[in-house]
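Quick note on labels: first sequence line is chain A, next is B, and so on, each numbered from 1.
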Protein chains: 2
Amino acid sequence: MSERLFENIKNLQLLQFAKQKHVSASEIYIPQGKIYKKIFFIKKGTLRSYYLTETGEEKTIFFRWDGQFGAIPECIFDNQTSNQIWQALEDCELFEIDFDLLEEMSENNVKLMKIRLGFVQVMLLEAIQRIEGFVLDKPEARYQKLISQKPEINNRVADKYIASYIGVTPVSLSRIRKRLTSQKK
Amino acid sequence: MSERLFENIKNLQLLQFAKQKHVSASEIYIPQGKIYKKIFFIKKGTLRSYYLTETGEEKTIFFRWDGQFGAIPECIFDNQTSNQIWQALEDCELFEIDFDLLEEMSENNVKLMKIRLGFVQVMLLEAIQRIEGFVLDKPEARYQKLISQKPEINNRVADKYIASYIGVTPVSLSRIRKRLTSQKK
DNA sequence: TAACCTAATTAGCTTTTGTTAATTTATTTC
DNA sequence: GAAATAAATTAACAAAAGCTAATTAGGTTA
């Protein structure tokens, strides 16, 4: 789905407005407290977004992969600052498109507006599936589904980030993994 | 935000295409397994969406209130059937707009396309806040935030629906409530 | 109003998770 | 490659949640 979106963006020659950007593994891509009004496309690599809690813990909310688009919704939709921090988990090659420019250009361009719509729809469908997982499944099932949907995650993302993504602590995820491997026998 | 959207829809005389519908409290508004390609606006009342588990349990995923729009994303975005069931929790007065018609009309109409975009953006922001709650907060905090954001929910929605909405069992929610009231003293 | 039905609470017990700290395993860095 | 650092696992205990069933409270209906 993201791929189709990327095709559309290429066809509309949007890429001429895109800047290429490299972020090395473990580097912060977007720091806290910004109004980051850009849409990014990940050509290669993995990103995560997280919040810092009062006790200084990091809680990972999203992962974004090669072939996916991303943005900080409250920034581009509401012009608000965000406490989200985006960090590269692998060396990343990104395309960035300025959102204000995109908005301006789409103001009188149905095709472009439709692309924006498609972009948001994809994110919404993903978000809803995630919510359904929290309501319908227990942590164990959320972990299993994540692994089966994205097997490479095991090699590409540290468990501690996966843990908070599915809503548990790293210690608890470790126990879940142990339970699952012992059940397999 | 929804209100602004509704204003826009009125200004564009979209309401002439809308059908009014009444659903009585406890009645099923949208049954399981449909491709329900409509957008609805709740003039009055409360709706919930839920899934049936293999054991026949009902898991409430969403609430929708007066002044809010709703739709089944997988139906309107992907033309897929949905296992979501929508039920009225109070007597509801709804406006329904046919999505295929909306899509057709917006195909060459930037303003309308922009309204669709706004509609999806609102839903996405809500969804992300919900996800953040599941990752950052424990059930107790999710319950407190829900109550403070929507105090009337206590009188308008049964606790058992609130329970699965925040991701716990009714028994557990009852204990959470007890803990909270005893802490207040 | 009484009888009925459903929701909410409580209780008792099991399972899972959180927390803290120690230990082992991987990974990075010099 | 060895030392240093960080991640993952394990352990021990406390807190919370799930589950089942019984009880109480609220509402609905005849």
Side-chain angles (χ1 to χ4, degrees), chain A residues 24-28 46 48 50 52-60 63 87-91 133-147 152-184, chain B residues 24-28 46 48 50 53-60 63 87-91 133-147 153-184:
Chain A
S24 299
S26 89
E27 274 185 4
I28 300 298
T46 309
R48 71 160 180 140
Y50 67 95
L52 287 172
T53 66
E54 325 78 54
T55 59
E57 280 176 297
E58 297 180 356
K59 298 279 190 177
T60 298
F63 297 117
Q87 180 191 30
L89 299 182
E90 302 173 310
D91 289 351
F134 280 114
V135 173
L136 299 172
D137 303 326
K138 32 184 196 181
E140 192 168 306
R142 288 201 290 278
Y143 178 68
Q144 285 179 299
K145 285 184 182 174
L146 179 63
I147 294 301
E152 323 94 279
I153 202 173
N154 265 326
N155 316 316
R156 296 175 64 178
V157 174
D159 283 354
K160 58 176 180 170
Y161 303 142
I162 296 175
S164 65
Y165 183 83
I166 63 172
V168 295
T169 61
V171 177
S172 189
L173 175 57
S174 177
R175 285 184 293 223
I176 287 169
R177 289 168 55 113
K178 194 180 186 188
R179 269 194 325 255
L180 289 174
T181 51
S182 69
Q183 278 168 22
K184 265 187 211 160
Chain B
S24 299
S26 89
E27 274 186 4
I28 300 297
T46 309
R48 70 161 180 140
Y50 66 96
T53 66
E54 325 77 54
T55 58
E57 279 175 297
E58 297 179 358
K59 298 279 191 177
T60 297
F63 297 116
Q87 180 191 30
L89 299 181
E90 302 172 309
D91 289 351
F134 280 114
V135 173
L136 300 171
D137 303 325
K138 32 186 195 179
E140 193 168 305
R142 288 201 291 277
Y143 177 68
Q144 283 179 301
K145 286 185 183 174
L146 179 63
I147 295 302
I153 203 175
N154 265 325
N155 315 316
R156 295 174 65 178
V157 173
D159 283 353
K160 57 176 181 170
Y161 302 142
I162 295 175
S164 65
Y165 183 83
I166 63 172
V168 295
T169 60
V171 176
S172 190
L173 176 57
S174 176
R175 284 184 294 223
I176 288 170
R177 290 167 55 112
K178 195 181 183 182
R179 271 196 320 256
L180 290 174
T181 50
S182 69
Q183 277 169 22
K184 266 187 211 162

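Atoms CG (Asn155(A)) and P (dA26(C)) sit 14 Å apart, rounded to a whole Å. One can place CG of Asn154(A) at 14 Å from C1' of dA7(D), the figure rounded to the nearest angstrom. Taking atom CZ of residue Arg177(B) and atom C1' of nucleotide dA16(D), one finds them 18 Å apart after rounding to whole Å. The distance between atom CD of Glu140(A) and atom P of dA17(D), rounded to the nearest whole Å, is 18 Å. Remark: P of dT28(C) and CG of Asp91(A) are 11 Å apart, rounded to the nearest angstrom. When the P atom of dA17(D) is taken as reference, atom OH of Tyr143(B) falls 14 Å away, rounded to whole Å. The nearest whole Å value for the distance from the CZ atom in Arg142(B) to the P atom in dA17(D) is 9 Å. Per the geometry, NZ belonging to Lys178(B) stands 10 Å off P belonging to dT9(C), to the nearest Å.
With dA7(D), dA11(C), dA17(D) as the candidates, the nucleotide lying closest to the side chain of Ala158(A) is dA7(D). Here the nucleotide nearest the side chain of Arg179(A), chosen from dA7(C), dT16(C), dT9(C), is dT16(C). Looking at the side chain of Ser172(B), the nearest of the listed nucleotides dG18(D), dA8(C), dA8(D) is dG18(D).
Annotation: side chain of Arg177(B) is in contact with side chain of Asn154(B) (closest heavy-atom distance under 4.5 Å). Using a 4.5 Å cut-off on side-chain heavy atoms (C-beta onward), Tyr161(B) and Phe63(B) make contact. Using a 4.5 Å heavy-atom cutoff, the side chains of Tyr143(B) and Leu180(B) are in contact. Using a 4.5 Å heavy-atom cutoff, the side chains of Lys145(B) and Asp137(B) are in contact.
Within the nucleic acid shown, Arg175(B) comes within 4.0 Å of at least one base atom, counting heavy atoms only. Within 4.0 Å of Pro170(A), counting heavy atoms only, lies no atom of the nucleic acid at all. Counting non-hydrogen atoms under 4.0 angstrom, Thr169(B) reaches the backbone sugars and phosphates but no base. Across all strands shown, Ser174(A) has heavy atoms under 4.0 Å from base atoms, whether or not it also approaches the sugar-phosphate.
Heavy-atom nearest nucleotides on DNA chain D were determined for Glu57(B) and for Lys138(B), and the one closer to the 5' end corresponds to Lys138(B). With DNA chain C read from its 5' end, the first of the two nearest nucleotides for Val171(B) and Leu173(A) is the one closest to Val171(B).
Side chain of Ser164(B) to backbone of Thr60(B): a donor-acceptor contact under 3.5 angstrom is found.
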